[in-house]
Participant: 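This is the structure I have questions about; it appears just below.
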Amino acid sequence: MLRLDELNTPQREAVVTVDGPLLVLAGAGSGKTRVITYRIGHLLDLGVPASEILAVSFTNKAADEMRQRVDKLAGKRARGCTLSTFHALGLSILKQEKAALGLPTGFTIYDASDQLGTVKEILRRLYQSDDDRRYDAKAILFRISRAKNAFIAPDAYAEQFDEDDHEYDVTAAEVYPEYEAALKSFHALDFDDLICEVVRLFDRDEVVRARWASRFRYVMVDEYQDTNRAQSLLLNHLVCVHGNVCVVGDDDQSIYGWRGAEAGHILEFDKHFPGAKIVKLEENYRSTPHILDAANAVIANNKQRHDKRLWTSKEPRDKLQMIVCEDADGEAEFVADEIELLCATRSYHKRDFAVLYRSNVQSKPLEEALRAQSLDYKMIGGQAFFERKEVKDAIAYLKLALQPRDEISLRRIINHPARGIGPTTVERIAEAAKERSLPLFDACQRANEVAAEALQDRSRKALSAFCDLIENGRAMIASAQLGTFVGGLKEAARAYLVAAGLQDDIQAAAPTPLAASKKLENLEGLLKSLERFEQREARDLGAFLHRISLDTSKEDDEGEAADQVTLVTLHGAKGLEFPVVFLVGMEEELLPHKRTLYPDGPDVLDANPDLGEERRLMYVGITRARELLYLTRARQRSQRSSARPRCASRFLEEIPPHLYDTRDGATPSTMATPEDEEAFARAALANLLKLTS
């Protein structure tokens with residue numbers, strides 16, 4: 001039995017309230033994961049079968065942490081619980097309901113890279129251009145994803161726009177139906193489909209919906225403020241029979257509206273689930289009183305929010321530091337100098353520091369300043385392991401061995417390593433495939449028949465050899481999955497990739513032996529991941545590829561505990577915490593961002609901008625700090641080779657003066673003069689008057 005006396009009063013109330021709808025408003029650092037894990041343990045203590053408990057989060061990292069904590073708390077009793085991400089849950093349902101959905105056996109999941117490749121190929125075909133830079137494929141894909149999650153069909157989406165609308169909206173309307181047709185022909189689903197297709201199935205098949213709603217009798221959702229429409233509809237279907245739903249979140253940390261998250265889900269929870277109980281977790285175990293008071297003061301200016309106020313029993317410590325620097329370089333130099341000083345005088349380590357910024361373009365001077373001081377750093381959001389070229393190449397070979405219809409993987413590797421199948425050959429065989437309504441791989445196999453006149457003899461032979469390579473790989477993988485290949489899937493995959501020539505190509509193309517060694521280590525890392533999956537879960541290459549496609553965080557674990565300063569955007573910092581935080585670029589047009597202030601263009605200031613999400617970003621940034629918080633800004637920044645004066649962020653005006661000290665960035669080890677403080681106050685007041693006039 002759990003010891004519930006280890007929880008504070010609101011936490012305990014959230015844990016023992018098991019029946020009916022429950023909203024747990026969990027402020028930053030208030031122990032929300034603890035509540036979820038204890039709630040699962042309490043349900044098990046009450047005799048609820050583990051198979052009837054579902055807890056859903058947004059990232060694999062969060063789901064893994066939940067799984068580890070539950071296992072530590074409840075042990076073997078919890079083994080049957082479903083602790084999952086939304087997308088992994090959707091995939092599990094799709095696999096089990098393939099017949100009802102009419103899905104083909106061995107469908108492929110397209111990750112972000114595959115989706116972008118598909119959009120780029122469609123753009124090239126539609127506009128008959130090899131210039132990938134004419135359109136930002138990510139911007140097109142973003143619009144398609146928003147439409148899919150809003151359940152707007154391609155034809156309905158196209159009806160919204162005409163040639164007078166934004167160029168990207170019009171282009172997305174043209175690409176969307178082609179994109180959906182491409183996925184269908186490739187037997188592929190993208191991330192959005194993993195949830196949207198399940199919702200559509202539940203909408204039209206009452207028997208299937210009732211089966212799943214009865215399967216999970218107690219449902220919990222973490223980070224509920226981040227749910228989009230599709231995820232909310234899926235949740236509604238899953239709890240339609242019993243109504244036992246507990247959602248945990250914080251509307252003050254709803255910062256993903258730009259990608260479809262709807263804060264209204266948590267703000268209006270009691271309207272969607274009448275009779276819902278609301279429990280507030282307001283005691284913060286992370287930050288000092290000054291930091292929490294600043295966060296409370298800022299977020300209180302948002303009107304659309306649940307009323308709550310963070311507090312802590314910790315003793316007050318250092319005030320916040322307001323730093324005014326001359327320019328972006330001076331700001332970066334201040335940050336580097338202050339980190340070095342604090343490491344020397346207050347026994348901090350580099351891993352204790354995080355530098356948060358609104359936009360990635362702000363990172364360059366920071367990186368340069370840290371390098372100049374020989375301060376090691378890492379950037380969260382950099383290239384992840386499964387996105388490295390050599391790893392993506394190997395994955396494409398493995399995908400193609402399972403699903404020859406995967407045209408994106410086929411095009412990626414058909415001439416890599418080079419085997420005499422150039423772009424002209426690919427386009428000619430693609431034209432022949434289109435004329436005969438054949439999958440591209442089938443056309444490659446039948447090149448002598450379908451493209452005899454269009455291709456030279458050596459090209460047809462090269463295509464034949466490539467198809468034989470894929471078929472041989474297919475046979476090796478099949479043998480391994482049956483348990484008849486010595487060494488299992490890992491060695492079958494290795495033999496296949498060696499036959500493809502990937503290792504030889506890496507060694508020949510790398511500029512140095514060290515560079516080649518690192519790339520080969522990455523290939524070996526992929527094979528080891530496959531081996532671990534086979535040993536722990538299943539001898540199933542398709543399941544392994546689905547798993548890594550679903551890894552939405554895709555962050556490298558390597559070096560996670562290294563002594564390095566962390567650089568990360570405010571969006572990327574959510575869920576993290578550090579002893580010392582520098583929130584840089586505290587200026588108008590950075591935070592709040594100019595897209596919010598000038599939604600209709602650089603010269604059209606919105607007279608009444610909606611600053612809710614930008615203020616929540618500020619709140620998230622402040623609450624990442626445990627002990628020390630620096631808020632820095634520049635008097636001027638360079639833009640298009642000219643220096644422009646900058647105004648202090650209006651959010652700084654919302655922090656009571658008694659919570660901070662003002663300092664000049666040119667003198668990091670001393671307090672600012674009264675003149676500096678007066679100048680700071682004058683600039684802030686002038687900015688406020690300008691904005692309210």
Participant: So does Thr118 get a backbone contact from the side chain of Glu121, meaning a donor-acceptor N/O pair under 3.5 Å?
Facilitator: no
Participant: Between Asp64 and Arg67, does any NZ, NE, NH1 or NH2 come within less than 4.0 Å of an OD or OE carboxylate oxygen?
Facilitator: yes
Participant: Compute whether any side-chain donor of one residue and acceptor of the other, for Ser409 and Arg412, lie under 3.5 angstrom apart.
Facilitator: no
Participant: If you compare all heavy atoms of Glu613 against all heavy atoms of Gly257, which two are closest, and at what distance to 0.1 Å?
Facilitator: OE2-N, 2.9 Å
Participant: With no hydrogens and no angle check, just 3.5 Å: does a side-chain donor-acceptor pair link Glu13 and Gln11?
Facilitator: no
Participant: Between Arg229 (side chain only) and Asn149 (backbone N and O only), is there a donor and an acceptor less than 3.5 Å apart?
Facilitator: no
Participant: Classify the ring geometry between Phe186 and Tyr110 as parallel (under 30°), tilted (30 to 60°) or perpendicular (over 60°).
Facilitator: tilted
Participant: Using the ring of each side chain (for Trp, its six-membered ring), is Phe191 parallel, tilted or perpendicular to His87, with breaks at 30° and 60°?
Facilitator: tilted
Participant: Side chains of Tyr619 and Ile622: closer than 4.5 Å at any heavy-atom pair?
Facilitator: no
Participant: Is the number of heavy atoms from other residues, nucleotides or ligands within 6.0 Å of CD (Glu6) greater than 12?
Facilitator: yes
Participant: Under 4.5 Å between any side-chain heavy atoms of Lys32 and Val24, yes or no?
Facilitator: no
Participant: Between Arg211 and Asp205, is a salt bridge (charged side-chain N to carboxylate O under 4.0 Å, His left out) present by the stated rule, with each step listed?
Facilitator: CA-CA 10 Å; Arg211 182 166 64 246; Asp205 195 323; over 6 Å; no
Participant: Determine, for Arg411 against Glu407, whether the closest basic-nitrogen to carboxylate-oxygen distance falls under 4.0 angstrom.
Facilitator: yes
Participant: Please answer whether the main-chain N or O of Leu489 pairs with a side-chain N or O of Arg539 as donor and acceptor at a distance below 3.5 Å.
Facilitator: no
Participant: Looking at Asp193 and Lys148, is there a salt bridge between them, counting it only when a charged N and a carboxylate O are closer than 4.0 Å?
Facilitator: yes
Participant: For Gln115 and Tyr179, which I'm curious about, is there any donor-acceptor pair between the side chains at under 3.5 Å?
Facilitator: yes
Participant: For the residue pair Tyr224 and His265, does the interplanar ring angle fall in the parallel (under 30°), tilted (30 to 60°) or perpendicular (over 60°) class?
Facilitator: tilted
Participant: Looking only at heavy atoms, which two atoms of Leu2 and Gly41 are closest? And how far apart?
Facilitator: CD1-C, 3.5 Å
Participant: On the 0 to 90° scale, with breaks at 30° and 60°, tag the Trp212-Phe202 ring pair as parallel, tilted or perpendicular.
Facilitator: tilted
Participant: Look only at the side chain of Thr227 and the backbone of Ser232, and say whether a donor-acceptor pair between them is shorter than 3.5 Å.
Facilitator: no
Participant: Could you check if a side-chain atom of Val70 sits within less than 4.5 angstrom of a side-chain atom of Leu73, using non-hydrogen atoms only?
Facilitator: no
Participant: Does NZ in Lys184 sit with more than 12 non-hydrogen atoms of other residues, nucleotides or ligands closer than 6.0 Å?
Facilitator: no
Participant: State whether Arg69 and Glu65 are salt-bridged, where the test is any N-O pair (Lys NZ or Arg NE/NH1/NH2 against Asp/Glu carboxylate O) under 4.0 Å.
Facilitator: yes
Participant: Closest approach of Ala213 and His237, non-hydrogen atoms and distance?
Facilitator: CB-O, 3.5 Å
Participant: Looking at Asp251 and Lys308, is any side-chain nitrogen of the basic one under 4.0 Å from a carboxylate oxygen of the acidic one?
Facilitator: yes
Participant: In terms of heavy-atom contacts, does CZ of Arg536 have more than 12 from other residues, nucleotides or ligands at under 6.0 Å?
Facilitator: no
Participant: Ignoring hydrogens and geometry, is there a side-chain-to-backbone donor-acceptor pair from His242 to Phe216 under 3.5 Å?
Facilitator: yes
Participant: Mind checking the CD1-CG spacing from Ile477 to Leu482? Nearest 0.5 Å is all I need.
Facilitator: 11.5 Å
Participant: What is the minimum heavy-atom distance between Leu89 and Ser84, and which atoms define it?
Facilitator: N-OG, 3.2 Å
Participant: For a quick check under 3.5 Å, do Ser92 and Gln96 share a side-chain donor-acceptor pair by atom type?
Facilitator: yes
Participant: Rounded to the nearest 0.5 Å, how far apart are CG of Leu267 and CG of Leu25?
Facilitator: 9.0 Å
Participant: Does CD in Gln304 sit with more than 12 non-hydrogen atoms of other residues, nucleotides or ligands closer than 6.0 Å?
Facilitator: no
Participant: If the threshold is 4.0 Å, N to carboxylate O, is there a salt bridge linking Asp71 and Arg79?
Facilitator: yes
Participant: For residues Cys81 and Ile40, report the shortest heavy-atom separation together with the two atoms involved.
Facilitator: SG-CG2, 4.0 Å
Participant: Roughly how far, to the nearest 0.5 Å, is CG of Leu194 from CD1 of Ile109?
Facilitator: 5.0 Å
Participant: Restricting to non-hydrogen atoms, name the atom on Leu310 and the atom on Gly27 that form the minimum distance, rounded to 0.1 Å.
Facilitator: CD2-CA, 3.7 Å
Participant: Could you tell me if the side chain of Lys280 sits less than 4.5 Å from the side chain of Ser30, heavy atoms only?
Facilitator: no
